[in-house]
Amino acid sequence: MQFNKIIGQYHLKKKLQETVKNNRVAHAQLFYGGEGVGKLPLAIAYAQFINCKDENKFINGDSCGTCPSCNKYNKLIHPDLHFVFPIAGGDESKKPISSNFLTEWRELLLQNDGYITLNDWYQKIEIERKQAVINVSECNQIIQTLNYTSYESDYKVMIIWMVEKLYYVAAPKLLKILEEPPDKTLFLLIAEHTEQIINTIMSRLLPVKIPRIDDDAITEAIKKRFNVDDPIANQVAQQANGSFTEAVSLLDQSEDRKANFDRFKDWMRMCWTFDAQGLLDFSEKVAREGRESNKSFLQFSLVAIRNSLALNYTKYAYIRIAEEERVFYENFSPFVNHLNIVMFTNEFNKAINHIERNVHSALVFFDLSLTIVKLLKMK
Ligand SMILES: [Zn+2]
């Protein structure tokens, strides 16, 4: 992973390169910051840069990507690049240490250029959020790996991802190796919640704060990777609060949400004007999209109606909404009130229920439309 894959963080990239140039690479560093700011890809790019054999790397401001060391780093298979990350005990055949999960780990990292969240990782290895830790046998393994493996590069690198997940019983072992590190070993620890790391370990680390990514860099990255238009990329970047992973997740939601919102708006207008033919056509068109899609649209509509009620009474929406949506909800909100909200909720839930029980979808939507026509008149 080269520095050119890192989104934003120009100042920090330069600073990290200077530590190499000036021979001031601290042997144990803690990269800390919020989710999705690029701590892990930065750590990998830093390690790759340190071990790159190209003489021009300082002039180019990046590792070469093609020397023998870079070649192995690109695929995350360099024998002197080690990873430790939270895992959970699976079946007996797969002892819960990181090296047994390397295939999944490399796959997830390479797919996402290193921009992953804990949740992505848990989903990848199919475990429950609460169980995952960095355990004692893992720490024994770290000691063994660093002391006994032969190495072919200047530095052996040990990247420990989400070190706050270190099981407390395992902490003294990690501490010991940080205090007496084997020669030419670089520890790059990564954390989001430094307050959960015990003080004795913290005191051994050089903290490197990884700030939020600036909005423009996120906008550019989103446009490049997902082929979306400027306004959407801009909006997503502004809401993501400096996190690339958050931007990606907002993007997923926003495309569905925009389609659902436009449809909801048209539907409510037809109900308000009692456009019977329009409602018939609408019901048939929606029905053709299948039950899963129908259900998700009805669930979206239910949230939309609750949003309108919330805006009617409090001026605050339940969820963060785009400006275009806010204008509609504010206009629509007088029609959702304490007289009809319970009925709205019941009728939508009933419709979802019917869809699940395979009642003909077009019929469900048309029936529901007629009920909405009546409910909207209750003031
Ligand atoms: Zn290289």
Side-chain angles (χ1 to χ4, degrees), residues 1-31 33 36-85 98-99 101-116 142 145-161 181-190 205-206 208 210-211 213 217 220-221 224-225 244:
M1 205 161 290
Q2 290 177 270
F3 277 121
N4 65 31
K5 287 276 174 68
I6 305 297
I7 302 162
Q9 310 290 17
Y10 306 106
H11 180 67
L12 187 62
K13 283 193 258 190
K14 222 171 144 226
K15 229 174 85 184
L16 289 173
Q17 289 172 20
E18 271 163 14
T19 65
V20 187
K21 199 172 170 184
N22 303 329
N23 239 332
R24 297 178 67 92
V25 177
H27 92 274
Q29 308 187 26
L30 175 70
F31 283 24
V37 296
K39 302 178 293 298
L40 179 57
L42 267 164
I44 299 171
Y46 186 37
Q48 176 162 348
F49 186 81
I50 291 171
N51 286 301
C52 173
K53 304 289 181 218
D54 185 11
E55 287 166 1
N56 293 324
K57 64 182 179 185
F58 295 111
I59 302 165
N60 297 334
D62 208 341
S63 49
C64 71
T66 53
C67 71
S69 172
C70 280
N71 257 326
K72 292 176 191 154
Y73 257 92
N74 287 341
K75 298 178 207 142
L76 307 176
I77 54 168
H78 198 292
D80 293 323
L81 171 65
H82 306 285
F83 290 104
V84 163
F85 34 76
S98 300
S99 52
F101 292 85
L102 271 179
T103 312
E104 293 91 339
W105 176 254
R106 287 187 184 122
E107 230 173 61
L108 185 67
L109 252 59
L110 292 173
Q111 248 169 30
N112 298 286
D113 289 337
Y115 287 83
I116 62 164
I142 296 177
T145 305
L146 294 178
N147 279 318
Y148 300 109
T149 51
S150 62
Y151 54 90
E152 58 183 57
S153 56
D154 293 346
Y155 274 98
K156 282 186 277 190
V157 179
M158 173 63 71
I159 295 181
I160 306 181
W161 185 59
D183 217 20
K184 289 281 184 191
T185 301
L186 172 62
F187 282 93
L188 296 175
L189 277 54
I190 294 166
L205 306 170
L206 176 79
V208 179
I210 315 296
I213 309 169
E220 280 313 305
K224 204 164 123 196
R225 289 177 206 208
F244 182 66

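We count ligands from 1, going down the list as the structure has it; atoms in each ligand are counted the same way.
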Drop me the distance from Ile7's CD1 to Lys224's NZ, to the nearest 0.5 angstrom.
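Atom-to-atom, Ile7:CD1 and Lys224:NZ are 8.5 Å apart.
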Using 30° and 60° as the class boundaries, would you call the ring planes of Phe85 and Trp105 parallel, tilted or perpendicular?
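Parallel.
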Metal environment of the Zn ion (ligand 1), protein N/O/S under 2.8 Å
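Those protein N, O or S atoms (cut-off: under 2.8 Å from the Zn ion (ligand 1)) are Cys52 SG, Cys64 SG, Cys67 SG, Cys70 SG.
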Using side-chain heavy atoms (C-beta onward) and a distance below 4.5 Å, is [X] in contact with [Y]?
| X | Y | value |
| --- | --- | --- |
| Lys13 | Ile6 | yes |
| Thr19 | Phe49 | no |
| Asp113 | Arg225 | yes |

Run the side chain to side chain donor-acceptor pair (under 3.5 Å) test against Glu107 and tell me which residues pass, sequence neighbours left out.
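Side chain to side chain donor-acceptor pair (under 3.5 Å) check on Glu107 returns Lys124.
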